[in-house]
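Worksheet: the structure to be examined is printed underneath.
Just so it is clear, the structure is predicted and the values come from calculations on it, not from any experiment.
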Amino acid sequence: MRDLFLRNAERVAQEIEQIAGSAALSAAQILNDHLAVSVAFVKAMLDGALAVVPPQYFGVADVRDVADVHVRAMTCPEAAGERFLVSSGEAISFLRIANILTEHLGERAARVPVRELTAEQLREGARTNPALREALSQLGKIPVLRTDKARKLLG
């Protein structure tokens, strides 16, 4: 199994980065200067670049769980060609993510936003801000993250 993992390590690392940076916000130690979308979002909150957050929801996953699913998938012949969603549970709001940062980082999170845009504020801002237009398209939508395929096939 170790040899199989080592032969595919580069491909696995690329896939982990792709999955960790797209479908769900991943909690991970930053190993290089490239910031995935999820990491850039948290950095923007910590830097005070966001005064408020949009009323959006996002799936989260610990990158160690993502890596575990990759290893399981590599050693499971039935997983060949399949795609698996990894999530720690229900999607959470951007405001909840901000609150978690504040709860766990204390003073280091002093610049993290503590307010969420109202639906009306979002609609108004979306008239001139492309990023808010995308957020507006997600207004009222809470993603349902189904991980039962990974659980059933990979354990």
Please report the interatomic distance OG(Ser87) to CG(Asp62), rounded to the nearest 0.5 Å.
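If we round to the nearest 0.5 Å, Ser87:OG and Asp62:CG are 11.5 Å apart.
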What are the two closest non-hydrogen atoms of [X] and [Y], and how far apart are they?
X: Ala79; Y: Ala73; result: CB-O, 3.6 Å
X: Ala91; Y: Pro143; result: CB-O, 3.7 Å
X: Leu136; Y: Leu122; result: CA-CD2, 3.8 Å

With a 4.5 Å cut-off on side-chain heavy-atom distances among I, L, V, M, F, W and Y, is there a chain of contacts connecting [X] to [Y]?
X: Leu95; Y: Leu139; value: no
X: Ile92; Y: Ile142; value: no
X: Leu117; Y: Ile97; value: no
X: Leu105; Y: Phe41; value: yes
X: Val60; Y: Val112; value: yes

Going by the side-chain hydrogen bond (donor to acceptor under 3.5 Å, both in side chains) test, which pairs reach into residues 94-106, not counting sequence neighbours?
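Non-adjacent pairs meeting side-chain hydrogen bond (donor to acceptor under 3.5 Å, both in side chains): Arg96-Glu103.
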Mind jotting down which residue pairs meet the side-chain hydrogen bond (donor to acceptor under 3.5 Å, both in side chains) criterion with at least one end in residues 145-154? Sequence neighbours excluded, please.
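Non-adjacent pairs meeting side-chain hydrogen bond (donor to acceptor under 3.5 Å, both in side chains): Glu82-Lys149, Thr147-Arg151.
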Show every salt bridge (charged side-chain N to carboxylate O under 4.0 Å, His left out) that has at least one partner inside [range], sequence neighbours left out.
range: residues 117-136; answer: Glu124-Arg127
range: residues 106-119; answer: none
range: residues 65-76; answer: Asp68-Arg72

May I have the list of side-chain donor-acceptor pairs in residues 44-57 shorter than 3.5 Å, sequence neighbours left out?
| from | atom 1 | to | atom 2 | distance (Å) |
| --- | --- | --- | --- | --- |
| Asp47 | OD2 | Lys43 | NZ | 2.5 |

